[in-house]
Amino acid sequence: QVQLVESGGGLVQAGGSLKLSCAASGRTFIMNTMGWFRQAPGKEREFVAAINWRDGNTFYVDSVKGRFTISRDNAKTTVYLQMSSLKPEDTAVYYCASAYSAYYDTRADKYAYWGQGTQVTVSS
């Protein structure tokens with residue numbers, strides 16, 4: 001079992017920045033990938049970014065490339081999502097998740113464990 005706890009969400013103006021954190025505990029060594037997803041009201045859950053625990057390789061959805069950065073601190077078993085140049089369309093609940101699958105596999109059903117989510121609201 002792996003437990004994930006997100007933090008860092010909040011309200012920010014368009015153009016601003018936020019940094020989300022995801023603290024992992026439990027059998028984290030069995031997981032290959034950590035990812036971030038988001039879900040806006042009335043929309044399906046969307047892949048945002050992922051990182052390979054071991055080598056740090058990353059993958060992003062096109063809409064956040066150049067604005068968001070995913071990183072990890074292996075010693076703290078924590079994953080971060082630095083979000084910059086935020087837009088109102090980035091408003092969503094952001095979820096941290098972990099997977100056995102490769103970091104470039106964006107399918108939500110490949111992720112075995114999920115956090116409770118943290119709200120990010122970007123005002124125009």
| said: Does this structure show an ion pair linking K87 with D90, if we count only N-O contacts that are shorter than 4.0 Å? | reply: no
| said: Ring centroids only, cut at 6.0 angstrom: are Y95 and F37 within range, meaning strictly under it? | reply: no
| query | How far apart are the C-alpha atoms of C96 and Y113, what are their side-chain angles, what is the distance that settles it, and do they pass the side-chain contact (heavy atoms from CB on, under 4.5 Å) test? | reply | CA-CA 8 Å; C96 174; Y113 301 98; over 6 Å; no
| task | Run the numbers on S17 and M83 for side-chain contact (heavy atoms from CB on, under 4.5 Å), then give the verdict. | result | CA-CA 5 Å; S17 299; M83 306 184 293; over 6 Å; no
| field | Single-linkage hydrophobic cluster, 4.5 Å side-chain cutoff, Y100 and Y111 together | value | yes
| remark: Closest heavy-atom pair, A92 versus Q119, reported as atoms and distance to 0.1 Å, is O-NE2, 3.4 Å
| remark: Separation between OH (Y94) and CG (L20), nearest 0.5 Å, reads 7.5 Å
| query | Would you say D73's side chain and V79's backbone share a donor-acceptor pair under 3.5 angstrom? | reply | no
| T33 side chain to Y103 backbone, donor-acceptor under 3.5 Å | yes
| message | Give me the atom names and distance for the closest heavy-atom approach of A14 to S124. | response | CB-CA, 4.4 Å
| query | Once you round to the nearest 0.5 Å, how far does OG of S101 lie from CZ of R107? | reply | 7.5 Å
| Got a second to check how far R67's CZ is from Y60's OH, nearest 0.5 Å? | 12.0 Å
| said: Please say yes or no: joined through hydrophobic side-chain contacts below 4.5 Å, possibly via intermediate residues, are F68 and Y80 part of one cluster? | reply: no
| said: Please say yes or no: joined through hydrophobic side-chain contacts below 4.5 Å, possibly via intermediate residues, are L4 and I30 part of one cluster? | reply: yes
| Nearest-0.5 Å distance, OG of residue S84 to NZ of residue K19 | 10.5 Å
| request: Check the hydrophobic clustering (I, L, V, M, F, W, Y; side-chain heavy atoms under 4.5 Å; chains of links allowed) and say if V5 and I70 are grouped together. | output: no
| request: Would you indicate whether R54, at its atom CZ, is surrounded by more than 12 heavy atoms from other residues, nucleotides or ligands within a distance under 6.0 Å? | output: yes
| message | Using modelled atom types and a 3.5 Å cut-off, is there a donor and acceptor pairing between side-chain atoms of T77 and backbone atoms of A24? | response | yes
| message | Is there a path of hydrophobic side-chain contacts, each under 4.5 Å between heavy atoms, that joins F47 and Y104? | response | yes
| field | Heavy-atom donor-acceptor pair, E46 side chain to R38 backbone, under 3.5 Å | value | no
| Over all atoms of both residues, closest heavy-atom pair of A112 and M31 | CB-CE, 4.5 Å
| R72 side chain to M34 main-chain N or O, any donor-acceptor pair under 3.5 Å? | no
| said: Is it the case that atom CD in Q13 sees more than 12 heavy atoms from other parts of the structure closer than 6.0 Å? | reply: no
| message | Before you tell me yes or no, could you show the steps for N57 and I51 under side-chain contact (heavy atoms from CB on, under 4.5 Å), namely the whole-Å CA-CA distance, both residues' side-chain angles and the distance that decides it to 0.1 Å? | response | CA-CA 6 Å; N57 282 330; I51 188 166; over 6 Å; no
| query | Just how far is it from atom CD of Q3 to atom CD of Q116, taken to the nearest 0.5 Å? | reply | 12.0 Å
| query | At what distance, to the nearest 0.5 angstrom, does CG of L18 lie from CG of L86? | reply | 6.0 Å
| request: Verify, without hydrogens or angle tests, whether E6 (side chain) and G117 (backbone) share a donor-acceptor contact under 3.5 angstrom. | output: yes
